[in-house]
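These notes concern the structure reproduced below.
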Amino acid sequence: MQGLVGIATASAFLQILLSFAAVGGVSWEEWWTYDGISGPAFWGLINPEWSLCNKGRRQSPVNLEPEKLLFDPNLRFLHIDKHRINGLISNTGHSVIFTVENETRHHINITGGPLSYKYQFHEIHIHYGLHDQFGSEHAINGYSFPAEIQIFGFNSQLYSNFSEALHKAQGIVSISLLLQLGDLSNPELRILTEELENIKYGGAEMPVNRLSVRGLLPDTDYYMTYDGSTTAPACYETVTWIIINKPIYITKQQLHGLRRLMQGDARHPKAPLGNNFRPPQPLHHRAVRTNIDFDLSKYPGKTCPSMHRDMHYKAKTWTQY
Ligand SMILES: *[C@@H]1O[C@H](CO)[C@@H](O)[C@H](O)[C@H]1NC(C)=O
Ligand SMILES: *[C@@H]1O[C@H](CO)[C@@H](O)[C@H](O)[C@H]1NC(C)=O
Ligand SMILES: *[C@@H]1O[C@H](CO)[C@@H](O)[C@H](O)[C@H]1NC(C)=O
């Protein structure tokens with residue numbers, strides 16, 4: 001841990017950086033990173049509008065502990081419309097993002113699960129490691145996955161678009177898919193990774209057609225859910241998180257494709273894009289609910305009432321790499 005002196009020096013240094021930013025008219029987006037002096041521990045100090053990143057007590061991601069999950073019989077199955085949509089995949093320098101086309105008339109609605117409102121799909125973020133041991137933002141029992149896909153929607157019953165909903169109550173839903181290394185990729189994920197060589201540098205974007213967001217999800221109705229935040233500045237505490245209780249698969253080649261991306265443009269490529277995950281944040285007594293019914297007394301034939309029985313994430317399967 002850095003001492004107070006380190007932090008004080010860092011914020012003095014940031015003040016200097018910031019006066020340059022103000023003069024140069026550089027966008028705030030350029031002023032946060034995933035490491036070093038503008039990394040996650042400092043986001044809340046860089047910009048007063050991002051103070052929740054340091055002060056917030058309902059932040060994301062979190063480490064999910066199977067023993068502490070709370071079964072909630074009110075939780076329904078999640079519904080995501082199945083039709084295919086067009087959009088753009090882009091390398092933002094921080095992440096790989098798929099954004100739905102503006103003109104789409106047939107919105108993808110997300111309903112059910114823990115949601116009280118109808119949400120409209122807006123974008124997908126991909127977080128991944130430069131090595132296989134890390135990459136996901138959410139962890140399970142302390143284990144990280146090589147990548148995580150987050151599917152974002154905004155509350156279309158209360159708000160008119162994603163950017164408005166970001167800082168409003170019940171504004172955002174994010175469905176998290178944890179990615180495991182495998183020999184055969186999820187086919188919809190392949191549609192996204194096929195374009196990677198065309199978005200090598202920060203700022204690049206390419207059209208992607210006929211993506212099924214629903215098709216990214218694994219075949220399970222079970223999930224965990226908690227109230228948290230966006231995992232990048234401004235860390236707004238407006239996100240209902242839904243973590244699907246089964247991984248999807250990504251191949252080594254696809255992961256290498258992601259790791260070949262660069263943060264900067266062709267003239268100043270900077271560092272490879274990756275390790276773009278925020279570390280787990282404290283739960284501070286928030287409940288993590290699930291629709292996995294661990295009460296096995298209801299299921300004749302299953303004798304040992306262990307909640308691990310029906311969990312698809314097991315320590316055993318993660319330690320293999
Ligand atoms: C949406 O429209 C804005 C301008 O109206 C444009 O800059 C942006 O690239 C469009 N996004 C997509 C995904 O088509
Ligand atoms: C999604 O919801 C909107 C209204 O909120 C509705 O017009 C549209 O038909 C719905 N989409 C589907 C595929 O049901
Ligand atoms: C989002 O909606 C708000 C409120 O209706 C509006 O002021 C803003 O211009 C919209 N933003 C975009 C990007 O469409």
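Just so you know, ligand 1 is whichever comes first in the structure, and atom 1 is the first atom listed for that ligand.
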Legend entry - Heavy-atom neighbours of Glu49 CD exceed 12 at 6.0 Å: no
Legend entry - Ser156 N/O under 3.5 Å from ligand 2 N/O: no
Distance from [atom] to nearest protein heavy atom, with residue and atom:
| atom | answer |
| --- | --- |
| atom 5 (O) of ligand 3 | Ser160 OG, 2.9 Å |
| atom 6 (C) of ligand 3 | Asn161 ND2, 4.2 Å |
| atom 2 (O) of ligand 2 | Asn109 ND2, 2.5 Å |
| atom 13 (C) of ligand 2 | Asp81 OD2, 3.2 Å |

Inset, instruction - Could you tell me whether Glu194 and Arg190 have a side-chain N and a carboxylate O separated by less than 4.0 Å? - result: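 A salt bridge is absent here (no side-chain N lies under 4.0 Å from a carboxylate O).
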Inset, instruction - Can you sort out which atoms of ligand 3 are near Ser163, meaning under 4.0 Å from one of its heavy atoms? - result: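 Answer, ordered by atom number: 11 (N), 13 (C).
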Inset, instruction - Look at atom 9 (O) of ligand 2 and say whether a protein heavy atom is found at less than 4.0 angstrom from it. - result: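 Neighbour list for atom 9 (O) of ligand 2 is empty of protein heavy atoms (cut-off 4.0 Å).
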Inset, instruction - Assert yes or no for the condition that the ring centre distance of Trp50 to Trp43 is strictly below 6.0 Å. - result: no
Inset, instruction - Please state whether Lys118 comes within less than 4.0 angstrom of ligand 2, counting heavy atoms only. - result: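 Lys118: in contact with ligand 2 (<4.0 Å).
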Inset, instruction - Check whether any heavy atom of His83 sits under 4.0 Å from an atom of ligand 2. - result: yes
Inset, instruction - Evaluate the ring planes of Tyr236 and His167, with Trp represented by its six-membered ring, and classify them as parallel (under 30°), tilted (30 to 60°) or perpendicular (over 60°). - result: tilted
Inset, instruction - Evaluate the ring planes of Phe162 and His122, with Trp represented by its six-membered ring, and classify them as parallel (under 30°), tilted (30 to 60°) or perpendicular (over 60°). - result: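 Plane angle under 30°, so parallel.
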Legend entry - Between Tyr226 and His138, a side-chain donor and acceptor under 3.5 Å: yes
Legend entry - Gln120 and His107: side chain donor to acceptor below 3.5 Å: yes
